[in-house]
Number of protein chains: 2
Amino acid sequence: MSRRGWQEVQDELIGRINDGAWPPGTLLPAETALAVELGVARTTVNRALRGLAESGLVDRKRKAGTVVAEHPPARAVLTIPVIRKEVEGQGKTWRHHLLLREAAPAPAPISARLHLPARAPMLHLVALHLADKRPFLLEDRWLNLAALPEAEDVDFHATSPNEWLLAHVPYTTGDLSISAEPAGEDTADLLAAPEGAALLTLDRATWNDGRAITAVRLTYAPGYKMRAAL
Amino acid sequence: MSRRGWQEVQDELIGRINDGAWPPGTLLPAETALAVELGVARTTVNRALRGLAESGLVDRKRKAGTVVAEHPPARAVLTIPVIRKEVEGQGKTWRHHLLLREAAPAPAPISARLHLPARAPMLHLVALHLADKRPFLLEDRWLNLAALPEAEDVDFHATSPNEWLLAHVPYTTGDLSISAEPAGEDTADLLAAPEGAALLTLDRATWNDGRAITAVRLTYAPGYKMRAAL
DNA sequence: CAGAAGAATATGTGCATACATAATCATGGG
DNA sequence: CCCATGATTATGTATGCACATATTCTTCTG
């Protein structure tokens, strides 16, 4: 029945879950048993099950075995590209204006979010990104100078903060919060939106190897949609 | 230097990318070479590299080799739980009201989004979800009756459409679009928000094994923030 | 009978090997 | 010189084996 690969095995298992043969809560056979039944090596079954566990369809615990999840959460992978790439991907011309560049101690909400001591020395950058000369998004960023002293000497007119960071600290972890916010007076003005307009807003904090790097708020112009694959 | 496992190998590789030893665009050594250098089996290097490829840090192609990505996009994993679970996770009481239940042909935008013929027979459901008796989110759903004829006989007063679907078709694929929308008159009323308020809105289309299942729009009450891990 | 010590077991991972597959690269014919 | 074709090569994956590790289950002891 099997012949080809772990994908085939995975499809078979998904099928059994979806058609009700293994309803939520079912303890399913051990890897070794499945391997024998499907005529493949245990490694192959393991690969298939690992995938299902990653996507949340099953829960696995050593010795306890593999159980079909009761409430499999939907997982969507958001891909947040470099801003320039995103604009150019729409066939538009990208530009950016640096509106503010100021070394300043971190205000309380920022230092708290990054788990830094109050008033840690930071670089505050505000940049407006344009697509075909129309406002696209506002980048309001606080950069931790202790982690990135080089930033002090960078010309952010030439390279956007967004892009400079990615080139310098490509691999980061962090968290993200997505919300809809009404446009404040200044923001409305910069994004050419009516005051109070609904704006998609991303708040992001970034660490690298345990060191706080940056906190940023991205405010998109009205009408922007973020897409993700499930 | 190595000793334990693919994670250690992965950390080592991430380190070399992050500290500039392998800048973006670099073609890195073949798996076999890395395996020898790090004193592990190729399988282990492969595991580490596969992880990096999944998170977008490197691009891999057969024969061509592994290249450090030029613009590693940030990837965030959004976990969208069952609505009831989410509300209860905040320590609040969940309830829902079914506001509309109507069999009707799909309007054009819905059938287009699901790649179905125009006016395909569907079930239109609107439900308001409450957290501690306060409006939490509005669920506006179109269900493909051809794929799920059982839905015709379900009492959606007892089980929310959201939850019924998850129990019936646990594993689905689809796409998701996230935006900020101003509250329309009806929506504002139902969510107890001022008209024009900024509301986080999710639009989702769902397939199972190539068959269109449902299209849904979730409109959250003001102030809602969606969180994700990077 | 409670609680600690130990056996049993399912998953997690590493390794060596083999073959599959997709690109690329080199080669030779027109 | 161009292009088709086949050789080369890096990744992709399967397999059998071994051992690690986290739990659970069992049993022994006070």
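Atom CD in A:E8 sits about 14 Å away from atom P in D:dT13, given to the nearest Å.
Residues of residues 51-58 of chain B that place a heavy atom closer than 4.0 Å to DNA chain C do not occur.
Partners of B:D209 by side chain to side chain contact (heavy atoms under 4.5 Å, CB included), not counting sequence neighbours: none found. Contacts of A:K225 classified as side chain to side chain contact (heavy atoms under 4.5 Å, CB included), with partners at least two apart in sequence or in another chain: A:R227, B:S177, B:S179, B:E181. Looking at residues two or more places apart in sequence or on another chain, you find a side chain to side chain contact (heavy atoms under 4.5 Å, CB included) between A:R47 and A:W6, A:R50, B:R50. Listed by chain and number, the residues in a ring pair (Phe, Tyr, Trp, His ring centres under 6.0 Å) with B:H71 amount to none (sequence neighbours excluded).
In this structure, B:D11 does not pair ionically with B:R16, as no charged nitrogen and carboxylate oxygen lie closer than 4.0 Å.
Residue pairs meeting the side-chain hydrogen bond (donor to acceptor under 3.5 Å, both in side chains) criterion with at least one member in residues 58-70 of chain A, sequence neighbours excluded: A:E31-A:R60, A:R60-A:T66. Sorted pairs that involve residues 17-64 of chain B and meet ring-ring contact (aromatic ring centres under 6.0 Å, His included), not counting sequence neighbours, are lacking altogether. The stretch residues 137-146 of chain B participates, sequence neighbours left out, in these salt bridge (charged side-chain N to carboxylate O under 4.0 Å, His left out) pairs: B:E139-B:R141.
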Write down the protein N/O and nucleotide N/O pairs, taken from nucleotides 10-13 of chain C, whose separation is under 3.5 Å; answer none if there are no such pairs.
| unit_1 | atom_1 | unit_2 | atom_2 | d |
| --- | --- | --- | --- | --- |
| C:dA10 | O4' | A:K63 | O | 3.3 |
| C:dA10 | N3 | A:K63 | N | 3.3 |
| C:dT11 | OP1 | A:T66 | OG1 | 3.2 |
| C:dT11 | OP2 | A:E31 | N | 2.7 |
| C:dG12 | OP2 | A:R60 | NH1 | 2.5 |
| C:dG12 | O4' | A:R62 | NE | 3.2 |
| C:dG12 | O4' | A:R62 | NH2 | 2.5 |
| C:dG12 | O6 | A:R42 | NH2 | 2.8 |
| C:dT13 | O4 | A:R42 | NH2 | 3.2 |

